Amino acid sequence: MLKIYSTLHRGIVPFEPRDEGKVSMYVCGPTVQSEPHVGHGRSAVAFDVIRRYLAWSGYDVTFVRNITDIEDKIIAAAAEAGESVETLAREMGERFEDAFVGLGVLSPDFEPEATKHIDEIITLTEVLIDRGLAYTRDGDVYFSVRALESYGKLSGRNPDELRSGYRIEVDESKEDPLDFAVWKSAKPGEPWWESPWGPGRPGWHIECSAMAEKYLGRGFDIHGGGSDLLFPHHENEIAQSEGASGTTFARYWLHNGMVNLGGEKMAKSTGLVVDLAPILKSHGGRALRMLYLRAHYRSPIEFSDVLLVEATEALDRLDRFRQRATPGVPDEMALDRFREVMDNDFGTPQAMSLLFDLVRDGNRLLDEGGDGSAIAGAVETIVAVLGLDDASDPAAGEPALTDAEVDALVAERNQARSERRFDDADAIRDELDDQGVSLEDGPNGTRWLRK
RNA sequence: GGCGACGUGGCCGAGUGGUUAGGCGCGGGUCUGCAAAACCCGUUACACCGGUUCGAUUCCGGUCGUCGCCUCCA
């Protein structure tokens with residue numbers, strides 16, 4: 001029985017999908033305004049693992065991850081770069097795509113872009129106006145927070161608390177400072193689309209409301225995103241969607257924790273950012289994934305070079321076992337334990353613990369000459385569900401030495417060893433080490449592994 | 001100020017009312033020409049102060065500290 005933490009419920013609750021055997025998921029993807037960083041990667045990996053696990057558990061999963069490609073920040077960034085909004089959004093979208101692929105994140109079933117759903121957005125906005133939940137002002141459309149009684153139910157805030165003592169730049173055209181834009185009239189030089197309220201563009205939250213309903217329908221199962229989106233973004237999505245439909249928008253809300261640098265949140269605004277691309281290149285996507293998965297997805301995690309190295313070492317240990325053992329029919333007890341920890345709000349840290357317990361058990365068995373295939377099979381299964389399998393690392397480079405060349409050098413070294421020319425043997429070993437190949441001399445000969 | 005999360009051993013990071021998380025590191029050992037790997041043994045902690053309890057790291061209250069959201073943000 002799967003139990004998940006839902007921000008809306010403020011606790012761990014049993015997961016009951018809208019439709020038997022199916023899961024519909026919508027995850028807030030990037031606003032394509034700048035380079036993807038390690039924080040974006042964490043969110044993508046967190047929901048990728050959740051998705052993979054649900055699918056492995058037998059659910060038919062429909063996974064949607066949007067791209068917000070029109071928004072104030074993108075307009076500003078494009079202006080600064082002297083590019084068109086469209087060009088910048090496309091470029092950054094590609095960077096995100098590359099990074100996600102590098103992290104072994106599976107492609108969404110749908111990846112809708114805001115600018116391709118203007119009609120749906122306009123239709124939804126009209127409904128909000130008809131229902132008295134939104135109003136127009138000089139070509140803008142605002143959502144009237146006070147018109148919706150349930151406003152604040154996700155984030156646990158009420159309008160009165162929000163209002164008191166806040167230094168919001170009060171926009172005189174709004175009826176209430178808390179009201180937010182659903183549609184913004186175009187300023188000179190900005191991209192625009194025709195609408196009943198004049199030329200303009202969507203506000204920030206409306207695209208998710210419109211696209212989630214289009215691809216998943218009302219009352220879909222899981223809505224995910226970073227904890228920093230909880231308010232106001234997700235709160236406003238709910239307000240718009242439930243205000244318009246009068247029914248549940250999403251059943252469960254999941255939020256991943258932030259990535260910190262030196263204890264503080266990684267964020268573009270503070271300059272505390274580590275871009276994904278160089279990390280993927282230097283350490284590979286699997287190492288980063290390992291770093292992410294060692295902590296629970298809801299906890300904040302620290303990122304540093306030292307931690308990345310630690311994760312890499314842990315991954316190496318796992319890989320050494322995987323290269324050593326031949327997988328067979330998975331050990332059922334191990335898989336049951338895996339289900340148990342994952343069914344408890346996707347406990348990847350416990351899954352990692354289990355994985356390394358299996359590695360130790362498997363190694364011991366193999367050392368004793370036993371059959372490690374069942375354990376190895378379980379390890380392979382778990383590794384695949386966590387996305388730590390080799391298929392998830394397309395970035396694995398072409399080796400400098402071919403297998404045949406390595407074999408030849410190993411044979412040459414062993415010849416030297418048998419003649420007790422150990423200096424020569426060690427020289428070859430060093431050479432191979434430089435090429436990223438490590439050797440292990442055992443009773444049955446020498447094994448070699450690429451690092 | 002409001003809402004929320006958290007303070008665990010050298011580091012990272014789970015978890016639990018009473019029994020070894022796990023990883024990395026470190027020390028010792030087995031094995032080995034040496035090394036590496038693997039295995040074995042050791043390194044054993046829960047911010048502080050009260051309370052509840054036979055017993056609290058785990059529950060309750062308080063103190064201190066850290067962080068997130070309240071403005072764009074994965």
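We name chains A, B, ... by the order of the sequence lines, and we start the count at 1 in each one. Keep in mind that what you see is a predicted model, and the values were worked out from it rather than measured.
- A close approach under 4.0 Å does not occur between any side-chain nitrogen or oxygen of A:Ser227 and OP1 or OP2 of B:rC69.
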Subject >> Protein-to-nucleotide contact annotation, 5' to 3' order, nucleotides 9-21 of chain B [B base; S sugar-phosphate only; - none; under 4.0 Å, heavy atom] >> reply: --BSSSS-----B
Original post:
Where do A:Gln435 and A:Glu431 land on the side chain to side chain donor-acceptor pair (under 3.5 Å) test, with the steps shown first?
Top reply: CA-CA 7 Å; A:Gln435 298 297 325; A:Glu431 185 187 334; over 6 Å; no
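- For A:Lys265, a side-chain nitrogen or oxygen approaches OP1 or OP2 of B:rC69 to under 4.0 Å.
- With centroids closer than 5.5 Å and planes inclined by less than 30 degrees as the test, A:Phe356 and the base of B:rG22 fail to qualify as a stacked pair.
- For B:rA38, one of the phosphate oxygens OP1 or OP2 lies less than 4.0 angstrom from a side-chain nitrogen or oxygen of A:Arg320.
- Here A:Gly347 lies out of heavy-atom contact (under 4.0 Å) with every strand.
- Summarising the geometry, the separation between CG on A:Leu288 and P on B:rG23 is reported as 21 Å, rounded to the nearest angstrom.
- The nearest whole Å value for the distance from the CD atom in A:Glu368 to the P atom in B:rA37 is 20 Å.
- If you take CG of A:Leu432 and C1' of B:rA35, they are 14 Å apart, rounded to a whole angstrom.
- Within the structure, every side-chain polar atom (N or O) of A:Arg157 is placed at least 4.0 Å from both OP1 and OP2 of B:rG1.
- Proximity of a side-chain donor or acceptor of A:Asn256 to a complementary backbone N or O of A:Gly226 within less than 3.5 Å is detected.
- Residue order along RNA chain B, read from the 5' end via each residue's closest nucleotide, puts A:Asp426 first among A:Asp426 and A:Asn363.
- When the P atom is compared between B:rC3 and B:rU63, the two are found 15 Å apart, to the nearest whole Å.
- Residue contacts shown for A:Gly39 include a base, since a base heavy atom lies under 4.0 Å away.
- Here A:Arg337 lies out of heavy-atom contact (under 4.0 Å) with every strand.
- Taking side-chain N and O atoms only, A:Arg364 has a distance below 4.0 Å to OP1 or OP2 of B:rC40.
- In this structure, A:Arg251 forms no cation-pi arrangement with A:Phe220, as its terminal cationic atom is not both closer than 6.0 Å to the ring centre and no more than 45° off the ring axis.
- Within the cation-pi definition used here (under 6.0 Å to the ring centroid, within 45° of the axis), A:Arg317 does not qualify as a partner of A:Phe356.
- Checking A:His40 against A:Ser155, the closest nucleotide of RNA chain B that is more toward the 5' end is the one next to A:Ser155.
- A:Leu229 places its CG atom 11 Å from the P atom of B:rC72, with the value rounded to the nearest Å.
- Considering A:Asp426, A:Asp441, A:Asp433 in turn, A:Asp441 is the only one that fulfils the salt bridge (charged side-chain N to carboxylate O under 4.0 Å, His left out) rule with A:Arg413.
- Considering only side-chain N and O atoms, A:Arg360 lies under 4.0 angstrom from the phosphate OP1 or OP2 of B:rG23.
- Cation-pi check for A:Arg51 over A:Phe63 is met; the charged atom lies under 6.0 angstrom from the ring centroid and within 45 degrees of its normal.
- Base contact: A:Asn256 has a heavy atom under 4.0 Å from a base atom.
- Although no hydrogens or angles enter the test, the distance criterion places no donor-acceptor pair under 3.5 Å between the side chain of A:Asp48 and the main chain of A:Ala44.
- The CG atom of A:Leu449 sits 12 Å away from the C1' atom of B:rA38 (whole-angstrom rounding).
- The base of B:rC34 lies close enough to the side chain of A:Asp441 for a donor and an acceptor atom to sit less than 3.5 Å apart.
- Base contact: A:Val259 has a heavy atom under 4.0 Å from a base atom.
- Counting distance only, with no hydrogens placed and no angle test, the side-chain atoms of A:Arg298 and the base atoms of B:rA5 include no donor-acceptor pair under 3.5 Å.
- Ring to ring, A:His234 and A:His205 are not that close: their centroids are 6.0 angstrom or more apart.
- The base of B:rG33 is paired with the side chain of A:Arg417 by a donor and an acceptor separated by under 3.5 Å.
- The separation of B:rC59 from B:rG7, taken at their P atoms, amounts to 11 Å, rounded to a whole angstrom.
- Looking at heavy-atom distances under 4.0 Å, A:Met266 makes contact with a base.
- Remark: side-chain polar atoms of A:Glu83 are not paired, donor with acceptor, to backbone N or O of A:Ala78 under 3.5 angstrom.
- Taking atom P on both B:rU57 and B:rA21, the two are 14 Å apart, rounded to the nearest angstrom.
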